[in-house]
Number of protein chains: 2
Amino acid sequence: MIDENLLLNYGAKRVPFSKGDQLFREGESALNFYQVASGEIKMNNYNEDGKEFIQGIFSIGQSFGEPPLLANVKYPANAEAISDAEVFQLSKEQFLELLSSNPKVHLKITETLAKRLYYKAIMVSEISSQEPEHRILRIIDYLKQVDKVDGKFTYRLNLTRQQLADLTGLRVETVIRATKSLEKKGELQIKKRKVYR
Amino acid sequence: MIDENLLLNYGAKRVPFSKGDQLFREGESALNFYQVASGEIKMNNYNEDGKEFIQGIFSIGQSFGEPPLLANVKYPANAEAISDAEVFQLSKEQFLELLSSNPKVHLKITETLAKRLYYKAIMVSEISSQEPEHRILRIIDYLKQVDKVDGKFTYRLNLTRQQLADLTGLRVETVIRATKSLEKKGELQIKKRKVYR
DNA sequence: CCTGTTTTATGATCCCAATCATATTCTCTC
DNA sequence: GAGAGAATATGATTGGGATCATAAAACAGG
């Protein structure tokens, strides 16, 4: 998380989005740095037959979409507001200026990327070779970790089974049956409609 | 890729490993920065029933293992030499010193992480929701891209079907059948024993 | 409280990659 | 060029998640 005032000093704009709005689409050039000011943003892909895969869900204080900005490639996924939300938006030039003039911020960003890479590595191996129950527990761990902004939790982790399915690459029915089983074993707390832990 | 002499100036050691040697193991603390000087290193996981998953294969000029160093977490995977190899090894302190005193190098590292994150994102979505043939083609694309060091190819991409299986989370037999099919369709070149493209 | 929509639930069936078993081909070395 | 080990090949079977179909429960909001 980068300090709000610092962002504003470097020319950041605070941009509002309504639930369902798209911030950018897969394949577009990366033009901006984003950090969530309020609400929640998800990044996702759709494969050819329309099945969704959620790359991540970002809430207050979390930045997203930096990799393509820094790697000079197109966006690998879409970004969409899953609630009404506001984001700080910094142009690429402004962002690079911030990095070069503020080594501490640069290091923070590097650490953020490193952390995400760390969890993605775990996720890939889990998803590719584990059974549904493991995948679900891991994704939940992951979200708990990644939702930590500077050590403090910002999250709620109230996910629908559908979202859990889209995060793990499973099907809703499979997630429902797996979470049931996990709940029975006491390895997962569920609160009526949403998945906790 | 960081310039060899620069690394040496900051105290890097050139360390030799024999085929099969382990550089570090999953769960250990990250103490060093590594860049391949010669040969090839793989990073991998084993799940509970011994099935291997290869996170990546690194050859000359490529660095690996930085994320846990920067994120202050344990290694998420093992590193093992898959041929006789030499690596430049820099202690964490030396590495951080290099980053802080050399912004250009820092930016380069940030870009490298960003690029890897970009490809991991693609991989996760592919692996989680695509059929074997797609997964194989994508992994190959990925290796081709990631094997580029400063724009020029360093790679060979001669993978056994077993390695391809361990990279995609599939089984050897499945990879054999899928590559056969892809070769017939002309979407993949195979040269006797190894897989090209 | 009623109504419409979203989410959860559950049974039946299908399909394809995993698994098991075995054979063949390639490659390296002595 | 013979023998051993690795890698590729291929058929048969199985198993578990996907898919399909339908129902019930939870929630939102007038």
Side-chain angles (χ1 to χ4, degrees), chain A residues 19-20 42 46-54 82-84 125-140 156-184 188-197, chain B residues 19-20 42 46-54 57 82-84 125-139 156-184 188-197:
Chain A
K19 177 174 178 175
K42 74 175 173 188
Y46 295 96
N47 72 5
E48 44 264 44
D49 34 73
K51 188 186 169 197
E52 180 176 5
F53 180 81
I54 299 181
I82 55 180
S83 69
D84 290 350
S125 101
E126 289 284 329
I127 281 188
S128 75
S129 57
Q130 301 287 21
E131 66 243 38
E133 296 190 8
H134 272 78
R135 288 160 73 161
I136 291 169
L137 290 179
R138 274 308 168 92
I139 262 288
I140 291 175
R156 2 102 277 157
L157 195 65
N158 49 345
L159 297 166
T160 66
R161 317 280 147 129
Q162 183 60 60
Q163 287 175 322
L164 217 39
D166 293 338
L167 280 159
T168 49
L170 299 167
R171 302 267 105 148
V172 212
E173 298 95 324
T174 306
V175 169
I176 287 171
R177 296 188 235 255
T179 50
K180 264 222 155 151
S181 158
L182 285 170
E183 194 192 18
K184 199 161 291 172
L188 189 69
Q189 262 76 61
I190 296 177
K191 202 196 158 196
K192 289 281 164 59
R193 202 66 175 268
K194 299 285 170 84
V195 175
Y196 273 47
R197 195 152 89 122
Chain B
K19 177 175 177 175
K42 74 174 171 187
Y46 294 96
N47 73 3
E48 46 261 43
D49 32 75
K51 189 186 169 194
E52 180 177 4
F53 180 79
I54 300 181
I57 296 181
I82 54 178
S83 69
D84 290 351
S125 98
E126 288 284 327
I127 280 187
S128 75
S129 58
Q130 300 289 16
E131 67 243 35
E133 297 192 6
H134 271 78
R135 288 160 73 161
I136 291 171
L137 290 179
R138 274 307 168 95
I139 262 288
R156 1 101 283 153
L157 196 62
N158 48 346
L159 298 165
T160 66
R161 317 281 147 120
Q162 183 60 62
Q163 287 175 321
L164 218 37
D166 293 339
L167 280 160
T168 49
L170 299 167
R171 302 266 102 151
V172 211
E173 301 94 323
T174 306
V175 170
I176 287 171
R177 296 187 235 257
T179 49
K180 262 220 158 154
S181 157
L182 286 170
E183 195 193 15
K184 197 161 291 172
L188 191 67
Q189 261 77 59
I190 295 177
K191 201 197 160 193
K192 290 279 165 60
R193 202 70 174 267
K194 301 287 170 78
V195 175
Y196 276 46
R197 195 155 88 122

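FYI, side chains are in, hydrogens and waters are out, and symmetry mates aren't considered; it's all heavy atoms of this structure. Every chain is numbered from 1 and lettered A, B, ... according to where its sequence line falls, protein lines coming before strand lines.
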Contacts of A:R138 meeting salt bridge (Lys or Arg N to Asp or Glu O under 4.0 Å) (sequence neighbours excluded), chain-then-number -> A:E126

Rounded to whole Å, CD of A:E173 lies from C1' of C:dC14 at a distance of 14 Å

Checklist entry - Given C:dT7, is OP1 or OP2 found less than 4.0 Å from the side-chain N or O atoms of A:R161? => result no

- Item | Any side-chain heavy-atom pair of A:T174 and A:T168 under 4.5 Å | no

query = Heavy atoms, side chains only, cut-off 4.5 Å: are A:R135 and A:I139 in contact?
reply = no

Taken to the nearest whole Å, CD1/A:I176 to P/D:dA23 is 17 Å

Side-chain contact test, heavy atoms from C-beta onward, threshold under 4.5 Å: evaluate it for B:I82 versus B:Q163 and give yes or no.
-> yes

From CD1 of A:I136 across to P of D:dG16 the rounded distance in Å is 16 Å

Rounded to whole Å, the CD-P distance (B:Q163 to D:dA6) equals 14 Å

A:R177 CZ to C:dA9 P, in whole Å, measures 11 Å

N or O in side chain of B:T174 less than 4.0 angstrom from C:dA18 OP1/OP2:
yes

Atom CG of A:L170 and atom C1' of D:dG16 are separated, to the nearest Å, by 12 Å

Does A:K180 have a side-chain nitrogen or oxygen under 4.0 Å from the phosphate oxygens OP1 or OP2 of C:dT10?
yes

To the nearest angstrom, the CD-P distance between A:E131 and D:dG16 comes to 10 Å

Here the distance between atom P of C:dT5 and atom CD of A:Q162, to the nearest Å, is 19 Å

